[in-house]
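The next block holds one structure in the form of structure tokens; read it before the comments.
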Amino acid sequence: MPIENDSASLDEIESITLSHYENRATSFWQGTRDHDVSQNIESLLQALPKDKPLDILDFGCGPGRDLQTFKSLGHQPVGLDGSKAFCQMAEEFSECPVLHQQFLSLELKENSFDGIFANASLFHIPSIELARVLGQLHRALRSGGVFFSSNPRGNTEGWQGERYGHYMEIESSRAYLENAGFKVIHHYYRPEGQPLEQQPWLAIVSEALPKGS
Ligand SMILES: C[S@@+](CC[C@H](N)C(=O)[O-])C[C@H]1O[C@@H](n2cnc3c(N)ncnc32)[C@H](O)[C@@H]1O
């Protein structure tokens, strides 16, 4: 059930979900630092110019695994996370700048990124706020910028233990993205090489259409 547009509930969603991560930051890092998301990183980079270092926002960067990968590939990644513990871990591990910001109160400069990488993070935004946040991400991208997202798929919304999630399949994801000014370039399911029913993750690569179009 989607929640009502009530700022107290939205605050609660962010603070309870973020506390969940904050309280197990070290074990989350141990459990995810070796996850192979190279397919996702390559999908974003494939859709962007190859001949220059790129400004990439890792949206919900967690402890910094993917910041470090983008940096090792010669890019200029910046992390963003609402968990203070993750921001510190990500800065130390990757030596990249990390913004301590919450998804529902972003302060991003317009036209400042070539790409945004949202690996396992966008689904934490309640449906009622998603159009607004996607609009902010669109504005933060430069013309021709690319947005990558990977989320657990489904057709539900609500609490899963202490974490709030909004799960979508490709059709509703596409509708949100298009309304915010993106064009879906392609999508795929993960893990690779499994039958669809054993692929719980939906990855989408979208291009930011020019503002105002
Ligand atoms: C499943 S983890 C993914 C972390 C990392 N991208 C990865 O692939 O390992 C979700 C991340 O989103 C962050 N997050 C969740 N809700 C948030 C919010 N409202 N504002 C900012 N960050 C949030 C968490 O702190 C966590 O780092």
Side-chain angles (χ1 to χ4, degrees), residues 10 13-25 28-29 31-33 35-41 43-44 56-70 77-91 93-94 96-108 113 115-138 140-141 145-154 156-168 172-173 176-177 180 182 187-188 190 200-206 208:
L10 292 172
I13 282 174
E14 286 204 295
S15 66
I16 295 173
T17 304
L18 284 168
S19 299
H20 172 92
Y21 286 108
E22 189 84 13
N23 292 339
R24 45 189 63 64
F28 182 89
W29 183 214
T32 58
R33 63 180 299 161
H35 280 185
D36 180 5
V37 293
S38 50
Q39 185 189 15
N40 295 347
I41 286 176
S43 294
L44 171 68
I56 295 171
L57 177 69
D58 188 344
F59 183 78
C61 62
R65 178 195 63 221
D66 304 329
L67 285 171
Q68 208 254 355
T69 305
F70 284 119
V78 173
L80 183 150
D81 208 281
S83 153
K84 230 179 186 148
F86 281 161
C87 290
Q88 276 166 7
M89 290 161 85
E91 260 172 4
F93 178 67
S94 68
C96 295
V98 178
L99 307 171
H100 182 222
Q101 292 188 20
Q102 294 187 199
F103 297 160
L104 301 189
S105 47
L106 294 172
E107 289 178 34
L108 297 172
F113 297 104
I116 298 180
F117 186 71
N119 196 71
S121 54
L122 198 73
F123 73 102
H124 283 309
I125 298 172
S127 56
I128 199 137
E129 287 287 273
L130 187 56
R132 183 180 68 77
V133 176
L134 284 173
Q136 290 180 314
L137 296 180
H138 185 272
L141 280 168
V146 175
F147 178 54
F148 171 88
S149 65
S150 172
N151 294 297
R153 62 196 181 90
T156 57
E157 176 165 10
W159 290 99
Q160 294 238 311
E162 294 169 332
R163 286 183 290 179
Y164 191 91
H166 172 213
Y167 306 95
M168 292 182 286
S172 42
S173 306
Y176 275 102
L177 286 162
F182 293 98
H187 72 277
Y188 54 90
R190 273 174 55 84
W201 291 88
L202 165 62
I204 306 176
V205 182
S206 323

Who are the salt bridge (charged side-chain N to carboxylate O under 4.0 Å, His left out) partners of [X], not counting sequence neighbours?
X: R65; answer: none
X: R132; answer: E129
X: R24; answer: E162

[X] side chain near [Y] side chain, heavy-atom distance below 4.5 Å:
X: F59; Y: N119; value: no
X: L202; Y: S173; value: yes
X: V98; Y: V78; value: no
X: D66; Y: V37; value: yes
X: I16; Y: Y164; value: no
X: L108; Y: L99; value: yes
X: M168; Y: F123; value: no
X: C61; Y: F86; value: no

Can you tell me if [X] uses its side chain to pair, donor with acceptor, with the backbone of [Y] under 3.5 Å?
X: T32; Y: F28; value: yes
X: H100; Y: L80; value: no
X: N151; Y: R153; value: no
X: E157; Y: S127; value: yes
X: Q101; Y: D81; value: no

Residues which pass side chain to side chain contact (heavy atoms under 4.5 Å, CB included) with Q102, listed by chain and number, not counting sequence neighbours: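 Expected list: E14, L18, S105.
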Audit row: Y21, H124, side-chain hydrogen bond (donor to acceptor under 3.5 Å, both in side chains) steps and yes/no: CA-CA 12 Å; Y21 286 108; H124 283 309; 2.6 Å; yes
To the closest 0.5 Å, what do you measure between [atom1] ([X]) and [atom2] ([Y])?
X: F117; Y: S43; atom1: CZ; atom2: OG; answer: 8.5 Å
X: L104; Y: L10; atom1: CG; atom2: CG; answer: 6.0 Å
X: F93; Y: L67; atom1: CZ; atom2: CG; answer: 9.5 Å
X: H20; Y: Q160; atom1: NE2; atom2: CD; answer: 10.5 Å
X: S150; Y: Q39; atom1: OG; atom2: CD; answer: 9.0 Å

H187 vs F148, ring pair (Phe, Tyr, Trp, His ring centres under 6.0 Å): CA-CA, chis, key distance, verdict: CA-CA 10 Å; H187 72 277; F148 171 88; over 10 Å; no
How far apart are the closest heavy atoms of [X] and [Y], and which atoms are they?
X: L122; Y: L130; value: CG-CD1, 4.1 Å
X: Y167; Y: P152; value: CD2-O, 3.5 Å
X: R190; Y: Y188; value: CD-CE1, 3.7 Å
X: G60; Y: S121; value: CA-CB, 4.0 Å
X: P97; Y: P77; value: CD-O, 3.8 Å
X: F103; Y: L106; value: O-CG, 3.4 Å

Residues I116, I56; criterion side chain to side chain contact (heavy atoms under 4.5 Å, CB included); working and verdict: CA-CA 6 Å; I116 298 180; I56 295 171; over 6 Å; no
For F182, ring pair (Phe, Tyr, Trp, His ring centres under 6.0 Å) partners two or more places apart: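 By the ring pair (Phe, Tyr, Trp, His ring centres under 6.0 Å) rule, F182 matches H138, F147.
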Partner residues of S83 under the side chain to side chain donor-acceptor pair (under 3.5 Å) criterion, sequence neighbours left out: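 Counting only residues at least two positions away or on another chain, S83 forms a side chain to side chain donor-acceptor pair (under 3.5 Å) with E22.
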